[in-house]
Each structure stands twice: as C-alpha cells, then as structure tokens.
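As structure tokens, the structure follows; a few thoughts come after it.
One-based numbering along the sequence shown. Hydrogens, waters and symmetry mates play no part in the numbers below; they use all other heavy atoms, side chains included.
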Amino acid sequence: MLRNDRFLKALRRQPVDRTPVWLMRQAGRYLPEYRALREKAGSFLDLCQNPEWACEITLQPLERFDLDAAILFSDILTIPDAMGLGLHFIPGEGPNFHHPVRDRAAIDALGVPDPMAELKYVSDAVSLIRRELDGRVPLIGFAGSPWTLATYMVEGGPSKNYVHLKSLMYNDPAALERLLGKLAEAVTAYLNAQIAAGAQAVQIFDTWGGVLTPEQYRRFSLAYMRQIVADLNTGEGEVPVILFTKGGGMWLEAMAETGTSALGLDWTIEIGEARRRVGDRVAL
C-alpha cells in the first residue's frame, strides 16, 4: 500500500493536495554519497549493472529530501549494450560504442535482447528497490526511445549533426526503419519487464527527437513510441506512461494522441500553452 501516491494520482489526472513537479535530472550526481559509491564501483556501467548499488543510488535522494517518487538508477543505453555494441564511457565525452551500426548488414545482424537474460540486472534492481521502498513512494522505470537509441548506435556516440544517422535515413530509410522496429520490440519487452518487476510508472525518453523535421519525427520517432505505448502491459492504465521528446513542443498534440498518460515538457514551451493545446487528454 503506497503511503504517498500523489505522483501517480497526478499522472492519472486525479485530484491531488498539491501538484508534484518532476525536474528531470539525475539527483544523485551532486550527493557526496553518490560520488563515493561511484569511485568505489570503478565505472558508471558497473554501478548500473549491480542491483544492490543501483538500489542504493536510487534511494539516496529520498534519504535527504521528502520527494514524491523514486526513479530507477540506470541508463538509456543498456539496450544497445545488451545488443553487443561495446558500450563504454569516455571521460569528458560520454557514451561511445566500439561497434557502431551503419548499414543494412549490421542492422540485420542485431538480435533483440531478452530482458530476463542480458538485462536481468535491471529487473533485479527494480524488484530490490520496490522492496526497500516498502510503499514509501512509487518507483519510475524508463527507457530511451527507438530514435534516440539509434542516434547513439549509428553515430557511435554523442553527435552534433548526426551525419551517419541522417545519411542512413536519406539513403536507406527501409534499413533505418528495420533498426527502429527492432528497437521498438526491445524497448517494449524491457519496459514490460520493469513493470512486471514493480515499476509503477514508466517514461520513454526521446532525447533527440527534436532534431527531426515534423514529417521525419512522425515517421521515425513518434510512430515507434506509439507502437510501444500500445504494447505495454499497463493494466488498463494502472501503470501510467510518460512520453518526453526534448525539443518536441511543436508536436504535443500528436504526442497526446498516442495513448500515453502524460507528457514531459522542456524549456521551449510554457506550461500554460501546453495545457491549452492538449486540453485534458493527458497529464503534464
């Protein structure tokens, strides 16, 4: 039994005593206890892949602040890592892959990871966190959108202009759609595994959807997020789903029509304008 269900009520557009606001930033990074555990672990990936450490980091902010929810400590690139692309982190640069995926043959060779095998450490972390929370607040699970995962997988790391991915998009869109289809299948299974393990809300982070034109966004990003939302085991809305496209303010109406429970907003759009545009179809 949840002792604080304010966040879930807000996502379901039910009355709340005060409105919870989620500032989407990893809370742990400024905590000395996080930095100490990070140094002990040796690498960011080791932190993510150790359920006990992931649980400890998830709970650290709640020990200091009276928050309305906890979010799983993990990374959006766990799925491509499980696909065997050789994820590693370069200081000062961020995530990189030893084996970028840049043509049809490489895409065809990719398998869809089993969330209860290659990614079982994430489900184990979710289960452990739920047990340790003991009904204090709800737990949020998450995944990257297919388009956002593809940006890293094709580019091989962060990018400012997405030369490799946009070359693939223009020269062989069918190959890109095959990649996005595999990723949609993987994200769906991954989020369903998190829900089965105890996640009480889930968010899809479409971090780089905003680099697309409107037509490209609908075809290469939104279509796959809509597919994921439709295939999630949310128990008739019992587990709310949040979509967040960074730079996606121009597409709020289309995002609201996916069947999602809520939309995340970025700094480019005022909350009042967003509410006027989507009405009461979704929470914000």
> Any sub-3.5 Å donor-acceptor pair from Thr188's side-chain atoms to Ala184's backbone N or O?
Replying inline: yes
>> Whether the side chain of Arg275 engages the backbone of Gly279 through a donor-acceptor N/O pair (distance < 3.5 Å, no angle test) should be reported.
In response: yes
> Who pairs with Tyr152 by side chain to side chain donor-acceptor pair (under 3.5 Å), at least two apart in sequence or on another chain?
Replying inline: Trp208
> Is the centre of the Phe73 ring less than 6.0 Å from the centre of the Phe44 ring?
Replying inline: yes
> For the residue pair Trp251 and Tyr217, does the interplanar ring angle fall in the parallel (under 30°), tilted (30 to 60°) or perpendicular (over 60°) class?
Replying inline: parallel
> Given the rule in the salt bridge (Lys or Arg N to Asp or Glu O under 4.0 Å) test, do Arg178 and Asp108 qualify, once you have shown the distances and angles that lead to the verdict?
Replying inline: CA-CA 8 Å; Arg178 177 156 174 73; Asp108 288 342; 2.6 Å; yes
> Between the side chain of Arg35 and the main-chain N/O of Tyr30, is any donor-acceptor distance below 3.5 Å?
Replying inline: yes
>> Can you confirm whether more than 12 heavy atoms, excluding those of Glu253, are under 6.0 Å from its CD atom?
In response: yes
> Which is it for Arg104 and Asp172 under the salt bridge (Lys or Arg N to Asp or Glu O under 4.0 Å) test, yes or no, and what are the steps along the way?
Replying inline: CA-CA 8 Å; Arg104 185 181 290 261; Asp172 196 350; 2.7 Å; yes
> Are Val163 and Met153 grouped together when hydrophobic residues (ILVMFWY) are joined by side-chain heavy atoms under 4.5 angstrom apart?
Replying inline: no
>> Restricting to side-chain contact (heavy atoms from CB on, under 4.5 Å), what partner residues turn up for Arg18, sequence neighbours left out?
In response: Arg6
> Counting only N and O atoms by type, is there a donor-acceptor contact under 3.5 Å from the side chain of Asn96 to the main-chain atoms of Gly94?
Replying inline: yes
>> Could you go through Glu257 and Arg226, starting from their C-alpha distance and side-chain angles, then the distance that decides it, and tell me whether this counts as salt bridge (Lys or Arg N to Asp or Glu O under 4.0 Å)?
In response: CA-CA 9 Å; Glu257 292 171 358; Arg226 180 184 293 111; 5.7 Å; no
> Does Ser159 use its side chain to pair, donor to acceptor, with the backbone of Tyr162 at less than 3.5 Å?
Replying inline: yes
> Would you call Arg136-Glu63 a salt bridge at under 4.0 Å N-O?
Replying inline: yes
>> Please evaluate residues Arg102 and Glu155 with respect to the criterion salt bridge (Lys or Arg N to Asp or Glu O under 4.0 Å), reporting the C-alpha separation (whole Å), side-chain torsions for both, the decisive distance (0.1 Å), and the verdict.
In response: CA-CA 8 Å; Arg102 291 179 179 164; Glu155 294 298 326; 5.4 Å; no
>> Less than 3.5 Å apart, any donor N or O on the side chain of Ser145 or Thr148 sitting next to an acceptor on the other?
In response: yes
